[in-house]
Amino acid sequence: MALMAISFQPDLIGVMSQFSQFEATLKKHIAIATEKSAGRLGDQMIEHMTFVNPTGQLADSIEVQMQSEYLAWVGSPLPYSWRRDRGFSGMTDSLGRFYPHDPGVLYAEYALESEAMLQDIASNYVEAIFAAWQECIGNLPGGTAAFVSAA
């Protein structure tokens, strides 16, 4: 029968003492990942703006607003951005113009549907965790052998 021993190694006490800094360090790296992910989402939104007569104004207005290290808003402050995304068919605007056929292009929705986009966002956060760990703690002494050894 093969036995495996799990024990606490004394040299891990030094590593564990550095955990007090980990939360602040992680927040810093999470903020970077959030902003990077939001920027990537904004780029994808622009790629999905397939308008018949594009002026470029809407694409140029896409911006990222950081709310916290965990939350960013991505979009356009232009008043017509919602209707270009969702459509305005069968509606009348504030100037009284009727739009019988004005479908949206769903640029925001399509940007989020890409598997590659979601993988990029996940990778940004995984990288943030590893970067915070490396900055704060460094490598574990002895790798996994610090935790587990064969008996």
Side-chain angles (χ1 to χ4, degrees), residues 8-9 11-148:
F8 183 80
Q9 301 295 325
D11 52 351
L12 287 178
I13 294 173
V15 170
M16 294 175 80
S17 69
Q18 296 169 10
F19 274 114
S20 63
Q21 305 157 25
F22 187 70
E23 184 176 359
T25 304
L26 180 61
K27 276 186 177 183
K28 176 181 75 172
H29 288 280
I30 291 292
I32 293 167
T34 300
E35 190 166 19
K36 185 177 175 182
S37 297
R40 175 84 169 88
L41 180 59
D43 292 344
Q44 279 293 303
M45 290 168 74
I46 292 167
E47 284 184 32
H48 288 287
M49 289 183 182
T50 55
F51 304 117
V52 175
N53 298 308
T55 64
Q57 256 185 313
L58 182 56
D60 291 343
S61 73
I62 297 295
E63 60 185 36
V64 172
Q65 293 179 2
M66 293 293 291
Q67 179 117 7
S68 72
E69 53 273 300
Y70 309 108
L71 176 64
W73 296 100
V74 183
S76 169
L78 295 178
Y80 59 86
S81 62
W82 181 87
R83 81 181 208 196
R84 296 296 352 120
D85 181 50
R86 305 299 296 173
F88 207 64
S89 294
M91 297 184 195
T92 304
D93 69 11
S94 61
L95 299 176
R97 297 175 292 196
F98 179 73
Y99 294 86
H101 182 70
D102 186 20
V105 297
L106 304 174
Y107 62 85
E109 289 78 1
Y110 289 145
L112 284 171
E113 285 183 356
S114 163
E115 183 70 30
M117 177 69 203
L118 298 175
Q119 283 289 353
D120 284 351
I121 291 172
S123 292
N124 289 339
Y125 287 101
V126 169
E127 288 172 14
I129 294 166
F130 281 123
W133 182 275
Q134 189 68 37
E135 181 180 327
C136 203
I137 286 103
N139 291 323
L140 285 174
T144 56
F147 293 106
V148 179

A quick test of your reading: do over 12 heavy atoms of other residues, nucleotides or ligands sit less than 6.0 Å from [atom1] of [X]?
X    : atom1 : result
E135 : CD    : yes
Y110 : OH    : no
E109 : CD    : yes
F130 : CZ    : no

Find out whether [X] and [Y] are in side-chain contact, i.e. whether some heavy atom of one side chain is under 4.5 Å from a heavy atom of the other.
X    : Y    : result
L26  : I129 : yes
M91  : R83  : no
L112 : Q44  : no
Y107 : E47  : no
H101 : P103 : yes

Within this structure, what is the [atom1]-[atom2] distance for the pair [X] and [Y], rounded to the nearest 0.5 Å?
X   : Y    : atom1 : atom2 : result
R97 : F88  : CZ    : CZ    : 9.0 Å
L58 : M49  : CG    : CE    : 4.0 Å
K27 : I30  : NZ    : CD1   : 11.0 Å
R40 : S114 : CZ    : OG    : 6.5 Å
M45 : M117 : CE    : CE    : 10.0 Å

Could you pull out the closest heavy-atom pair between [X] and [Y], with the gap in Å?
X    : Y    : result
M66  : A31  : CE-O, 3.7 Å
A132 : F22  : C-CE1, 3.8 Å
F98  : T92  : CD1-OG1, 3.5 Å
H48  : V105 : O-CG2, 4.0 Å
I62  : G42  : CG2-CA, 3.9 Å
S37  : N124 : OG-ND2, 2.9 Å

Review point. So, the side chain of T34 versus the backbone of E69: is there a donor-acceptor pair under 3.5 Å, distance only?
Key: yes
Practice item. Spell out, as yes or no, whether a donor-acceptor pair under 3.5 Å connects the side chain of S89 to the backbone of D102. Key: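 Present.
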